[in-house]
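Remarks on the structure that follows.
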Protein chains: 2
Amino acid sequence: MPTAEREISRFQVFLQQQGLKLTSERSALLREIFETHYHFEADELLFRMKEKNVKISRATIYRTLELLVKSGLVRRVHLGEDHYHYEHVRRDSHHDHLICTTCGAVIEFHDPVLEARQLEICAKKRFTATFHNLQILGVCDACRRKGEQPDAPDRVKMIQVGALNLRK
Amino acid sequence: MPTAEREISRFQVFLQQQGLKLTSERSALLREIFETHYHFEADELLFRMKEKNVKISRATIYRTLELLVKSGLVRRVHLGEDHYHYEHVRRDSHHDHLICTTCGAVIEFHDPVLEARQLEICAKKRFTATFHNLQILGVCDACRRKGEQPDAPDRVKMIQVGALNLRK
DNA sequence: CTGCAATTGAGACTCTGTCTCAACTAGTGC
DNA sequence: GCACTAGTTGAGACAGAGTCTCAATTGCAG
């Protein structure tokens, strides 16, 4: 469903509020982001734009991503361990991530009970939360079935290999 | 309480299991880490070692930190937004972080209810969790009291400034 | 005490992300 | 519609975190 138009107009409103302009580069990027699913990285975006013969510089990508994060249309998430990852925000559907350290799979989930408890904790500490970020690292069902090595040294090696996989 | 000796021997056991060696550099680093409280960064460690006239290269610091993370003596955490932060693990006292985006303060907390719920979620998804990482971003009590600007444009600016502060 | 595998340091390298500045536009006001 | 100007762009230099290489060194098993 290539309906990035709604998001583009939301972005335009945001830009106008800040006295900024909607350029062709910005809308091209937004279109690319909202036509793709799930998570992406800044350099991946640069590559995809090049592939489509849309000329756009790295600086502009980073600058636009910053604006998109501020506008709330895109969210920065920590997935693997490395650098930033981004995900577009369709509605206000917040979710967290289970990350398989063996195959790198990312499973999204949303749990109202968890969210509510977090707010309770913040209230107790007189902390005004604006955002949170939860990753649970471990082994997904598929990977667990494949390799069932129980002893300690092997497990360490497995984590090592998993980390490498994560870095793509 | 400068009792890094217990951790050093735990590390040695780990190293031996892996067929690795305990060098003077490694124990010096471990001592430094366990004599300090709370969070630190790799380059900060490099600087502190230089200050103490303990010669140790950047490569060795990174290599040792990797081993320490694998051994479970040190944990990698995402604090601000940038790069890695580390914290030593005294016992198995896991905790999460509230991070003030205005002043950069880090408040640790631990909540068994939250942990239990996370395990329930993993069980439901047939995911075997080994570790998790939760940061709640927001404004701490002190910062909230200081600046009480309610209107929208200012809030955006505040978040912007907060992000800058975080980067030290 | 010896041999050798593991480790170290120095510095080159990579990668992500930021900054600069001259050239270029969006879009407001006329 | 046109001109003006503040905001934007691209190219590439730059910065900082982290990794890699390789020759020299060292821990430690035998």
Side-chain angles (χ1 to χ4, degrees), chain A residues 8-9 11-30 39-47 49-50 53-71 74 76-86 160 163-164 166-168, chain B residues 8-9 11-30 39-47 49-50 53-71 74 76-86 160 163-164 166-168:
Chain A
I8 291 176
S9 73
F11 191 39
Q12 188 164 27
V13 169
F14 169 82
L15 290 172
Q16 277 179 340
Q17 280 177 350
Q18 309 283 313
L20 306 176
K21 292 165 183 172
L22 179 67
T23 64
S24 62
E25 287 84 357
R26 286 176 181 170
S27 51
L29 258 185
L30 203 51
H39 311 98
F40 58 94
E41 306 170 26
D43 268 21
E44 180 194 331
L45 207 49
L46 178 61
F47 178 76
M49 298 311 274
K50 253 184 204 148
N53 289 315
V54 180
K55 273 203 65 156
I56 190 160
S57 72
R58 204 146 61 100
T60 299
I61 289 196
Y62 279 102
R63 283 186 288 230
T64 305
L65 280 174
E66 202 186 325
L67 282 174
L68 286 170
V69 168
K70 264 181 212 152
S71 76
V74 162
R76 242 178 189 170
V77 288
H78 289 295
L79 286 188
E81 288 277 330
D82 296 297
H83 49 281
Y84 296 145
H85 288 245
Y86 298 86
Q160 217 169 322
L164 284 172
L166 264 181
R167 325 190 72 232
K168 200 170 46 161
Chain B
I8 290 175
S9 72
F11 191 39
Q12 188 163 27
V13 168
F14 169 83
L15 290 173
Q16 276 180 341
Q17 280 177 351
Q18 308 284 312
L20 306 177
K21 293 165 183 171
L22 178 66
T23 63
S24 62
E25 287 84 356
R26 287 178 179 168
S27 53
L29 257 185
L30 203 51
H39 311 96
F40 60 92
E41 307 170 26
D43 268 21
E44 181 194 331
L45 208 48
L46 178 61
F47 177 75
M49 297 311 274
K50 253 186 203 144
N53 288 315
V54 180
K55 273 203 66 158
I56 190 160
S57 74
R58 203 146 63 100
T60 299
I61 289 194
Y62 278 103
R63 285 186 286 229
T64 306
L65 280 173
E66 204 186 325
L67 282 175
L68 285 170
V69 168
K70 267 182 209 149
S71 76
V74 162
R76 244 176 186 170
V77 288
H78 288 296
L79 286 188
E81 289 276 329
D82 297 296
H83 50 281
Y84 297 146
H85 288 245
Y86 299 86
Q160 218 168 320
L164 284 172
L166 262 182
R167 323 192 74 233
K168 197 170 52 165

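First the proteins, then the strands, lettered A, B, ... as listed; each starts at 1.
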Rounded to whole Å, how long is the line connecting atom CD of B:Gln18 with atom C1' of D:dC28? 17 Å
Under 4.0 Å from OP1 or OP2 of D:dG18: is there any side-chain N or O of B:Tyr62 that close? yes
Rounding to 10°, can you tell me the angle the first-five-pair axis of the helix from C:dC1-D:dG30 to C:dC30-D:dG1 makes with its last-five-pair axis? 40°
In whole angstrom, give the distance that lies between atom CD of B:Gln12 and atom P of D:dG27. 12 Å
Considering residues at least two apart in sequence or located in another chain, which fulfil the ring-ring contact (aromatic ring centres under 6.0 Å, His included) criterion with B:Tyr62? none
Which atoms form the tightest heavy-atom contact between A:Lys21 and A:Arg26, and what is the distance? O-NH1, 2.6 Å
Which word best sums up how the rings of A:Tyr86 and A:Tyr84 line up, parallel for under 30°, tilted for 30 to 60°, or perpendicular for over 60°? perpendicular
Contacts of type side-chain hydrogen bond (donor to acceptor under 3.5 Å, both in side chains), residue B:Ser24, not counting sequence neighbours: none
Show the nearest heavy-atom pair for residues A:Leu65 and A:Leu45, with the distance to one decimal. CD2-CD2, 4.3 Å
Does some side-chain heavy atom of A:Glu41 sit less than 4.5 Å from a side-chain heavy atom of A:His83? yes
Distance in angstrom units between B:His85 NE2 and D:dA17 P, rounded: 10 Å
Taking protein heavy atoms under 4.0 Å as touching, what does nucleotides 5-10 of chain C look like 5' to 3' if B marks base contact, S marks sugar-phosphate-only contact and - marks none? BSSBBB
May I ask you to decide if A:Thr60's main-chain N or O and A:Thr64's side chain share a donor-acceptor pair within less than 3.5 Å? yes
Taking all atoms of both residues into account, what is the closest heavy-atom pair of A:Leu15 and A:Leu22, and its distance? CD1-CA, 3.8 Å
Residues at least two apart in sequence or cross-chain that pass side-chain hydrogen bond (donor to acceptor under 3.5 Å, both in side chains) with B:Ser9, listed by chain then number, are none
When the distance from CG of A:Leu68 to P of D:dT8 is rounded to whole Å, what number comes out? 13 Å
Locate the shortest heavy-atom distance separating A:Ile61 from A:Ala42; write the atom from each residue and the value. CG2-O, 3.9 Å
Between the protein and nucleotides 1-3 of chain C, list the N/O to N/O atom pairs that are separated by less than 3.5 angstrom.
none

Between B:Leu46 and B:Ser57, what is the shortest heavy-atom contact and its length? CD1-C, 4.2 Å
Could you state the OH-P distance from A:Tyr84 to C:dC15, rounded to the nearest angstrom? 19 Å
Send over the distance from A:Gln16 CD to D:dG7 P, rounded to a whole Å. 14 Å
In whole Å, what is the span from the CD atom of B:Glu66 to the P atom of D:dT19? 6 Å
